[in-house]
Asks: 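Questions regarding the structure given below will be posed in turn.
The residues of the chain are indexed from 1 along the displayed sequence. In this text, all values refer to a predicted model and were calculated from it rather than measured experimentally.
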Amino acid sequence: LKVTLHHGAADKRYAPPDAHESLARIEFCAYCEDPHTEGSLARGLTALQGARDYKITSKLVYALPNDASTKPMNADELTGNVALVHRSATPLVQKILHAQEA
């Protein structure tokens with residue numbers, strides 16, 4: 001699955017005139033070259049911390065273990081890609097740190 005995540009100035013070109021600026025844009029597709037032209041779209045909330053302006057296109061890779069409670073076992077597969085993790089009792093900051101360690 002290929003995914004494009006963007007928010008802020010990187011998103012204004014594609015945002016509808018009535019789009020709320022606090023929502024990030026997530027475009028995704030399987031077996032395509034460009035999620036923007038061939039994929040599906042969802043808007044979602046972003047974190048208050050971190051980058052406010054970004055655009056990332058990459059493969060979406062499922063982290064193992066799926067709750068990111070420990071450093072991922074598939075670190076080599078996650079490197080350079082977007083990690084997908086489940087909601088769980090594991091604090092978000094810990095999940096982020098484990099994914100970054102990969």
Side-chain angles (χ1 to χ4, degrees):
L1 188 66
K2 187 180 271 189
V3 65
T4 298
L5 310 170
H6 40 114
H7 184 265
D11 189 31
K12 293 196 187 317
R13 183 173 112 182
Y14 306 114
D18 60 340
H20 192 280
E21 294 209 15
S22 66
L23 297 177
R25 185 178 178 100
I26 304 163
E27 299 167 337
F28 53 95
C29 62
Y31 312 111
C32 76
E33 288 299 315
D34 183 5
H36 177 67
T37 59
E38 303 173 68
S40 299
L41 165 71
R43 286 206 173 261
L45 298 174
T46 61
L48 294 175
Q49 311 84 0
R52 306 302 303 152
D53 189 19
Y54 56 85
K55 181 174 182 185
I56 303 163
T57 299
S58 183
K59 284 181 13 184
L60 186 65
V61 178
Y62 199 60
L64 299 172
N66 57 14
D67 66 353
S69 58
T70 62
K71 185 176 174 181
M73 295 181 284
N74 59 336
D76 53 338
E77 190 179 0
L78 291 174
T79 302
N81 293 309
V82 174
L84 176 65
V85 298
H86 280 252
R87 295 181 110 182
S88 67
T90 305
L92 180 60
V93 171
Q94 186 176 355
K95 291 179 186 189
I96 293 168
L97 292 173
H98 287 150
Q100 287 176 338
E101 288 173 10

Asks: Start with the C-alpha gap between L60 and K2, add the side-chain angles, then the distance that decides, and say whether side chain to side chain contact (heavy atoms under 4.5 Å, CB included) holds.
Replies: CA-CA 6 Å; L60 186 65; K2 187 180 271 189; over 6 Å; no
Asks: How far apart are the C-alpha atoms of D34 and T37, what are their side-chain angles, what is the distance that settles it, and do they pass the side chain to side chain contact (heavy atoms under 4.5 Å, CB included) test?
Replies: CA-CA 6 Å; D34 183 5; T37 59; 3.4 Å; yes
Asks: Search all heavy atoms of P65 against all heavy atoms of S69 and return the closest pair with its distance.
Replies: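 Smallest interatomic distance, heavy atoms only, reads CG-OG, 4.2 Å.
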Asks: If I compare all heavy atoms of T90 with all of K95, which pair ends up nearest, and what's the gap?
Replies: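 Closest approach of T90 to K95: O-CE, 3.3 Å.
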Asks: Which pair of heavy atoms, one from G80 and one from S58, lies closest together, and at what distance?
Replies: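 That closest heavy-atom pairing would be O-OG, 3.1 Å.
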Asks: Give me the other members of the hydrophobic cluster that V85 sits in, counting Ile, Leu, Val, Met, Phe, Trp and Tyr linked by side-chain heavy atoms under 4.5 Å, directly or via other members.
Replies: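 So far as hydrophobic clustering goes, V85 is joined with none.
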Asks: For the pair I26 and R43, evaluate side chain to side chain contact (heavy atoms under 4.5 Å, CB included) and give the outcome as yes or no after the intermediate values.
Replies: CA-CA 6 Å; I26 304 163; R43 286 206 173 261; over 6 Å; no
Asks: Just do the side chain to side chain contact (heavy atoms under 4.5 Å, CB included) check on V61 and N74 with the steps written out, would you?
Replies: CA-CA 9 Å; V61 178; N74 59 336; 4.0 Å; yes
Asks: Would you name the heavy atoms of C29 and G39 that are closest together and state the gap between them?
Replies: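 Where C29 meets G39 most closely, the heavy atoms are CB-CA, 3.7 Å.
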Asks: Between atom CG of L84 and atom CG of L1, what is the distance when rounded to the nearest 0.5 Å?
Replies: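 Rounded to the nearest 0.5 Å, the CG-CG separation comes to 9.0 Å.
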Asks: So, taking the atom named CD in E101 and the one named CG in L78, what distance separates them when rounded to the nearest 0.5 Å?
Replies: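 If we round to the nearest 0.5 Å, E101:CD and L78:CG are 12.0 Å apart.
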Asks: Does any pair with a residue in residues 71-102 pass ring-ring contact (aromatic ring centres under 6.0 Å, His included), and if so which ones, sequence neighbours excluded?
Replies: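 For residues 71-102, and leaving out neighbouring residues, the ring-ring contact (aromatic ring centres under 6.0 Å, His included) pairs sorted by first residue read Y62-H86.
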Asks: What distance separates T4 OG1 from R25 CZ, expressed to the nearest 0.5 Å?
Replies: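 Those atoms lie 9.5 Å apart.
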